[in-house]
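The figures here come from the full heavy-atom set of this structure, side chains too, leaving out hydrogens, waters and symmetry mates. Remember, it's a predicted structure, so these values are computed and weren't measured experimentally. In what follows, every chain begins at residue 1, and chains take the letters A, B, ... in the order their sequences are listed.
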Amino acid sequence: MSKKLRVRFAPSPTGALHIGGVRTALYNYLLAHKLGGTFILRIEDTDQTRFVEGAENYILDALKWLGIMPDEGIGVGGPHEPYRQSERKELYKVYADELINSGKAYYAFDTSEELDAMRAIYESKGSAFQYNALTRVKLKNSLSMSEQEVQDIIASGTPYVIRLKVPAKAEIRFQDSIRDWVHVHTSSIDDKVLMKSDGMPTYHLANVVDDHIMEITHVIRGEEWLPSAPLHILLYQAFGWQPPQFAHLPLLLKPEGNGKLSKRDADLGGFPVFPLEWKDPQTGVISKGFKQEGYLPAAMINFLAFLGWNPGTEQELFSIDELISAFSLERINKAGAKFDVNKAKWFNEQYLKLQDVTSLAAQYLPDLPKKEAESFVHLFLDRITFPQELGEKVKEFTELPSAYEEEVVQNKWNEESQKGLQVLNDTLPFVELWEADAIKSFIQVKLEEAGIKMGKVMQMLRVALSGNGAGPDLMISMELWGKEQVLLRLNKAIETFGKR
RNA sequence: GGUCCGUUCGUCUAGGGGUUAGGACACGUCCCUUUCACGGAUGAAACACGGGUUCGAUUCCCGUACGGACUACCA
């Protein structure tokens with residue numbers, strides 16, 4: 001029997017969770033649920049300088065809103081606590097020392113400034129500096145210095161880092177679930193820093209150690225990690241551990257032109273990149289959230305799932321349960337996907353129509369009587385993308401027209417329609433049952449009696465009552481306005497047009 | 001610059017040695033609706049380029065171009 005599947009989503013609390021991160025979390029969640037595995041949330045906060053207050057809660061809230069909650073980890077607990085890397089600091093030191101002792105890693109004393117200077121020199125010569133088998137002997141580290149020197153310098157309290165001693169001539173290969181075999185020569189891999197001088201591990205070390213300890217079987221993460229995957233393989237090898245199965249997801253790209261989707265593009269395009277609204281605690285800048293814009297969680301999930309994956313059938317609308325059963329790593333695409341707001345909106349419209357009318361009415365039209373609110377929801381549900389448009393629609397509907405659509409008036413206001421409106425104005429007060437069907441037959445009869453064709457006046461009537469040449473069913477609208485209001489509007493319109 | 005990854009309609013994608021290259025969004029037209037929207041139908045719209053392998057390549061291989069990621073004591 002194979003090991004039980006365990007996956008993790010491991011964001012850094014450096015700000016709001018980006019929509020690409022949400023998709024990564026979603027794919028992890030889907031795989032875990034499909035295969036009866038465990039979905040773990042771990043926080044990678046090893047960079048103290050980039051820590052942002054509130055970001056961790058934001059991540060949790062965002063996942064909660066979308067319904068992709070972890071089974072284990074932050075906010076849930078579990079057998080491998082703590083799940084915040086800053087709280088596991090001591091652990092990484094142990095493993096880094098293990099690598100030192102086995103000769104797989106070494107101490108380095110070069111300062112950032114020295115390295116920067118080194119890079120500048122190489123760059124001026126048109127090449128790139130690498131801290132590797134070729135250069136490390138000439139730099140300040142435990143490989144180039146005598147053992148005594150190293151002991152002295154450490155004892156003196158000089159800051160140091162621990163670097164991985166990358167083998168000089170080897171080929172690293174691994175089979176990615178999405179990209180198949182990837183191979184890289186170690187000559188292109190740097191002796192990466194494993195432990196920083198502040199005693200914190202870098203991503204690479206912490207990630208590998210935690211994934212191993214937490215028994216992660218599949219690492220599903222963004223493509224930006226692909227270049228460092230060979231380094232991670234090297235680390236697993238150095239520890240003598242079995243690496244997990246890797247799956248590097250294609251990137252989410254900006255809608256216009258090329259490049260990774262960023263917050264800036266979103267602002268330009270007028271759509272969010274964050275699931276929830278986010279206020280940057282440093283700058284106070286507020287970024288839009290999909291939730292606040294009116295996107296439904298189920299629509300977001302469906303839309304996101306299809307950005308880089310598809311079931312191979314022609315079905316597009318998938319509930320989360322359907323996604324879980326249809327999902328597989330094998331059907332994830334290789335190429336990056338551009339974020340298309342139109343498609344997102346379409347998904348939202350589809351899910352909006354599926355919403356319960358009663359609860360939409362209660363939530364978005366709370367000030368209206370229940371029955372009336374529900375009528376409005378019925379009237380407008382097919383014409384909106386976001387639920388909060390209901391309020392705007394109703395407001396617009398309820399207010400007296402401030403102007404009349406000029407083009408329609410121009411074309412339709414004539415002797416016959418004038419006569420028709422006048423007939424209606426005179427007779428409508430006598431409608432007994434003010435209800436759409438009754439109003440309709442009443443109008444039919446009255447216009448016929450007057451010898452006026454219905455088609456000649458209906459659009460004029462619409463403009464007279466609503467101001468617009470197009471809109472929801474007129475008879476139902478009239479029912480909702482009520483007799484008094486209709487007559488008021490009709491009067492006003494006749495008066496206005498009559499002056500022309 | 002170097003390393004790695006990628007490339008099918010405008011966008012998301014299906015497909016895969018022989019297909020009318022399929023679907024969805026967006027767009028056009030028509031139908032439904034005395035309007036609009038919804039819905040339905042329909043149209044326009046793609047295999048980056050060049051070599052090779054092959055009877056045959058969009059599909060396999062190699063190059064080129066283009067795009068992207070990475071190249072920090074950031075993740």
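Using a 4.0 Å cut-off, no side-chain N or O of A:K456 falls inside it from OP1 or OP2 of B:U34. One finds a side-chain N or O of A:R119 lying less than 4.0 angstrom from the OP1 or OP2 phosphate oxygen of B:A72. Not one side-chain nitrogen or oxygen of A:R23 sits closer than 4.0 Å to the OP1 or OP2 atom of B:C12.
B:G63 and B:G22 have their C1' atoms separated by 31 Å, given to the nearest Å. If you take atom C1' in B:A26 and the same atom in B:U20, they sit 24 Å apart, rounded to whole Å. Nucleotides B:U64 and B:U7 are separated by 13 Å at their C1' atoms, to the nearest Å. Comparing B:C49 with B:U54, their P atoms sit 23 Å apart, to the nearest whole Å. Here, B:U42 and B:G23 have their C1' atoms 15 Å apart, quoted to the whole Å. Nucleotides B:C12 and B:A46 place their C1' atoms 13 Å apart, quoted to the nearest Å. Distance noted for atom P between B:A72 and B:G2: 16 Å (whole Å). Annotation: B:C5 and B:C9 have their C1' atoms spaced 24 Å apart (nearest Å).
Under the 4.0 Å criterion applied to side-chain N and carboxylate O atoms, A:D340 and A:K343 are not assigned as salt-bridge partners. Taking 4.0 Å as the cut-off between side-chain N and carboxylate O, A:R84 and A:E56 count as a salt-bridged pair. For A:K165 and A:D191, the salt-bridge test fails: no basic side-chain N is under 4.0 Å from an acidic carboxylate O.
A cation-pi arrangement is present between A:R163 and A:Y131, with the terminal nitrogen or guanidinium carbon under 6.0 Å from the aromatic centre and inside a 45° cone about the axis.
Judged purely by atom type and a 3.5 angstrom limit, A:E389 uses its side chain to pair as donor or acceptor with the backbone of A:F386. Checked by atom type and distance alone, the side chain of A:S197 never pairs as donor or acceptor with a backbone atom of A:V161 at under 3.5 Å. Remark: the backbone N or O of A:L139 is paired with a side-chain donor or acceptor of A:S144 at under 3.5 angstrom.
Across every strand in view, B:G1 sits in a pair with B:U71 that passes the Watson-Crick or G-U test at under 3.5 angstrom. Across the strands present, B:A24 finds its partner in B:U11; the criterion is a Watson-Crick or G-U wobble pair with both atom distances under 3.5 angstrom. Pair check for B:G63 finds B:C49; Watson-Crick or G-U wobble, both atom distances under 3.5 Å. The partner of B:U19, taking Watson-Crick or G-U wobble pairs whose two distances both stay under 3.5 Å, does not exist in any strand shown.
Here B:C4 is the nucleotide among B:C73, B:C12, B:C4 with the atom lying nearest to any side-chain atom of A:L226. You'll find that the side chain of A:V182 is closest to B:C4, out of B:C4, B:C12, B:G23. The side chain of A:Q350 sits closest to B:G39 out of B:G6, B:G39, B:C70. Here the side chain of A:R179 is nearest to one of B:G6, B:A75, B:U3, namely B:G6. In the set B:C74, B:G23, B:U11, the nucleotide with an atom closest to the side chain of A:K338 is B:U11. If you check B:U34, B:A14, B:U7 against the side chain of A:N310, the one that comes closest is B:A14. Each of B:C73, B:G1, B:A75 was ranked by its minimum atom distance to the side chain of A:L115; first place goes to B:C73. Across B:A14, B:G39, B:C4, the shortest atom-to-atom separation from the side chain of A:R331 is found for B:A14. Out of B:A14, B:C73, B:U7, the shortest distance to the side chain of A:N333 is found at B:A14. Here B:U35 is the nucleotide among B:C4, B:U35, B:G22 with the atom lying nearest to any side-chain atom of A:R462.
Heavy atoms of A:K440 sit under 4.0 angstrom from primed sugar atoms or phosphate atoms, though from no base atom. At the heavy-atom level, A:V193 lies under 4.0 Å from the strands shown only through sugar-phosphate atoms. Here A:P472 lies in heavy-atom contact (under 4.0 Å) with a base. Contacts of A:D110 with the nucleic acid, taken as non-hydrogen atoms under 4.0 Å apart, include base atoms. In this structure, A:S12 reaches the sugar-phosphate backbone alone: every heavy-atom distance under 4.0 Å involves primed, P, OP1 or OP2 atoms, never a base. The residue A:T46 sits close only to the backbone: its heavy atoms come under 4.0 Å of sugar-phosphate atoms, none of a base. Contacts of A:A128 with the nucleic acid, taken as non-hydrogen atoms under 4.0 Å apart, include base atoms. Residue A:K345 is out of contact with every strand shown, counting any heavy-atom pair closer than 4.0 Å. Counting non-hydrogen atoms under 4.0 angstrom, A:H185 reaches nothing in the nucleic acid. Residue contacts shown for A:G222 are absent, as no nucleic acid heavy atom lies under 4.0 Å away.
Between A:L252 atom CG and B:C5 atom P the separation is 21 Å, expressed in whole Å. Atom CD in A:Q130 sits roughly 16 Å away from atom P in B:G1 (whole-Å rounding). Between the CD atom of A:E314 and the C1' atom of B:A21 there is a distance of 13 Å, rounded to whole Å. What separates NE2 of A:H232 from P of B:C70 is a distance of 13 Å, to the nearest Å. The CG atom of A:D47 sits 9 Å away from the C1' atom of B:C73 (whole-angstrom rounding). The CZ-C1' distance, from A:F303 to B:U11, rounds to 10 Å in whole Å. When the C1' atom of B:C27 is taken as reference, atom CH2 of A:W346 falls 16 Å away, rounded to whole Å. Look at CG on A:L304: it is 14 Å from P on B:C12, rounded to the nearest Å.
Taken residue by residue, residues 444-455 of chain A places heavy atoms nearer than 4.0 Å to RNA chain B at A:M454, A:G455.
Toward the 5′ end of RNA chain B lies the nearest nucleotide of A:D340, the other residue of the pair A:G469 and A:D340 mapping further downstream. Each of A:F306 and A:I178 was matched to the nucleotide of RNA chain B holding its nearest heavy atom; the match closer to the 5' end belongs to A:I178.
Put simply, CD on A:Q459 and CG on A:N468 are 10.5 Å apart, with the number rounded to the nearest 0.5 Å.
A centroid separation of less than 6.0 Å is found between the aromatic rings of A:Y58 and A:W278.
Looking only at atom types and distance, the side chain of A:T14 has no donor-acceptor partner in the side chain of A:S12 under 3.5 Å away. A:E349 and A:T385 share a donor-acceptor pair across their side chains, judged by distance under 3.5 Å alone.
Between A:Y236 and A:F246, the ring-plane angle classifies as perpendicular under the 30° and 60° cut-offs.
Side-chain N/O atoms of A:K343 and base N/O atoms of B:A24 include a donor-acceptor pair closer than 3.5 Å.
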